[in-house]
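Single-structure report; data block below.
Just so we're on the same page: letters track the sequence lines, and every chain starts at 1.
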There are 2 protein chains.
Amino acid sequence: MTEIERRTTRQRRAVHDILQRTDGFASAQELHQRLRDVGDKVGLATVYRTLAAMADDGEVDVLRGEDGELRYRRCASHGHHHHLVCRGCGRVEEMIGAAVETWAEEAASRHGFVDVLHTFEAFGTCPDCRERP
Amino acid sequence: MTEIERRTTRQRRAVHDILQRTDGFASAQELHQRLRDVGDKVGLATVYRTLAAMADDGEVDVLRGEDGELRYRRCASHGHHHHLVCRGCGRVEEMIGAAVETWAEEAASRHGFVDVLHTFEAFGTCPDCRERP
DNA sequence: CTCTCTGCAAAACATTTGCAGTCGG
DNA sequence: CCGACTGCAAATGTTTTGCAGAGAG
């Protein structure tokens with residue numbers, strides 16, 4: 001799946017563009033719908049394949065929502081960081097904290113684990129959505 | 001879904017028991033299979049419904065595997081904690097650290113978010129599995 | 001008795017895959 | 001031209017749901 005030649009196609013560009021115009025995370029389904037709304041006809045399967053490829057190449061961030069759905073986002077800050085996602089509007093705040101990283105690494109090595117990757121996601125209600133539920 | 005009366009049935013007990021005899025996390029599918037192996041006939045749907053109810057009542061820990069599958073475990077330590085799961089054998093180590101909690105809460109309130117829940121999962125390779133890949 | 005629980009089959013969903021046709025380089 | 005890319009439909013795999021009957025209290 002990795003290190004394969006990628007061609008530049010209309011649909012590839014379309015997915016890339018829609019991702020560029022989208023703040024926060026969006027699922028493949030949502031992106032497909034959004035493309036459809038804009039008039040770009042791209043097959044759902046292609047959206048999935050393209051996103052998978054982009055994620056593979058590290059061009060997009062991926063996270064799994066509370067419901068298990070995969071969500072993608074244009075990769076802005078390339079460093080390792082985590083997210084605070086609003087349940088209501090999907091707005092995303094970034095959380096950067098060396099503390100967690102250190103803690104995770106320390107705990108991992110204490111148990112002798114290697115190749116450890118971790119995910120941290122926080123879901124809550126943002127100020128705006130709190131006012132009008 | 002919450003605060004509903006729960007009845008004590010054979011299948012309820014069966015699920016509870018199998019969970020009790022299982023170390024680490026297991027998916028609903030796995031538990032259902034295990035029940036079948038033991039001779040306890042319980043419908044798959046019932047396993048799902050029961051696990052959901054138990055999770056709802058805080059009787060079991062729930063975590064979503066890397067593949068998005070939900071996995072359940074008998075709730076040992078009732079406090080809030082996180083997991084270090086071995087990709088190879090599924091072995092689970094618990095990680096307790098006030099630091100993360102504090103950090104998460106602090107970050108959440110800094111952004112004005114409320115009702116914030118967070119998940120942290122670490123996946124790696126344990127010492128045993130490292131030796132024989 | 002009453003109301004929750006169960007089983008089974010069907011449905012709902014997100015995601016993947018097989019294939020024949022398309023098209024970038 | 002060649003092989004990667006696409007669309008569509010069909011397949012997967014997990015989780016949910018509808019409904020009639022069973023059983024706990």
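- For A:E121, the salt bridge (Lys or Arg N to Asp or Glu O under 4.0 Å) criterion is met by no residue, not counting sequence neighbours.
- Atom CZ in B:R64 sits roughly 10 Å away from atom C1' in D:dT14 (whole-Å rounding).
- Here the P atom of nucleotide C:dT6 and the CZ atom of B:R13 are 11 Å apart, to the nearest Å.
- We find that CE of B:M54 is positioned 20 Å from P of C:dT4, with the value rounded to whole Å.
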Distance-only criterion, 3.5 Å: show the donor-acceptor pairs between side-chain atoms of residues 102-109 of chain A and protein atoms not counting sequence neighbours.
unit_1 : atom_1 : unit_2 : atom_2 : d
A:T102 : OG1    : A:A98  : O      : 2.6
A:E106 : OE2    : A:R110 : NE     : 3.1
A:E106 : OE2    : A:R110 : NH2    : 3.2
A:S109 : OG     : A:E105 : O      : 3.4
A:S109 : OG     : A:E106 : O      : 3.1

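- Side-chain atoms of B:Y72 and B:E30 include no donor-acceptor pair closer than 3.5 Å.
- Protein atom NZ of A:K41 is 8 Å distant from nucleotide atom C1' of D:dG7, rounded to whole Å.
- Salt bridge A:E59/A:R12: absent, no basic N to carboxylate O contact under 4.0 Å.
- Within the structure, every side-chain polar atom (N or O) of A:R12 is placed at least 4.0 Å from both OP1 and OP2 of D:dA4.
- Rounded to whole Å, atom C1' of D:dT15 lies 17 Å from atom CD of A:E66.
- Straight-line distance from the CG atom of B:L44 to the P atom of D:dT14: 9 Å, rounded to whole Å.
- Legend: residues meeting salt bridge (Lys or Arg N to Asp or Glu O under 4.0 Å) with B:R7, ordered by chain and number and at least two apart, are B:E5.
- Atom pair A:Y48:OH and C:dT17:P shows a separation of 13 Å (rounding to whole Å applied).
- Residues meeting the salt bridge (Lys or Arg N to Asp or Glu O under 4.0 Å) test with A:E101, sequence neighbours left out: none.
- Proximity of residues 27-36 of chain B to DNA chain C (heavy atom under 4.0 angstrom from any strand atom) is not detected for any residue.
- Between A:H118 and B:F123, the distance separating the two ring centers is not shorter than 6.0 angstrom.
- More than 12 non-hydrogen atoms from other residues, nucleotides or ligands lie less than 6.0 angstrom from NE2 of B:H111.
- Of all non-hydrogen atoms in A:A26 and A:T22, the two that sit nearest each other are CB-CG2, 4.2 Å.
- Atom-to-atom, CZ of A:R71 to C1' of C:dC13 comes out at 14 Å; the value is rounded to the nearest Å.
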Whether each nucleotide of nucleotides 18-25 of chain C has a protein heavy atom under 4.0 Å at its base (B), only at its sugar-phosphate (S) or at neither (-) is summarised, 5' to 3', as B-----BS
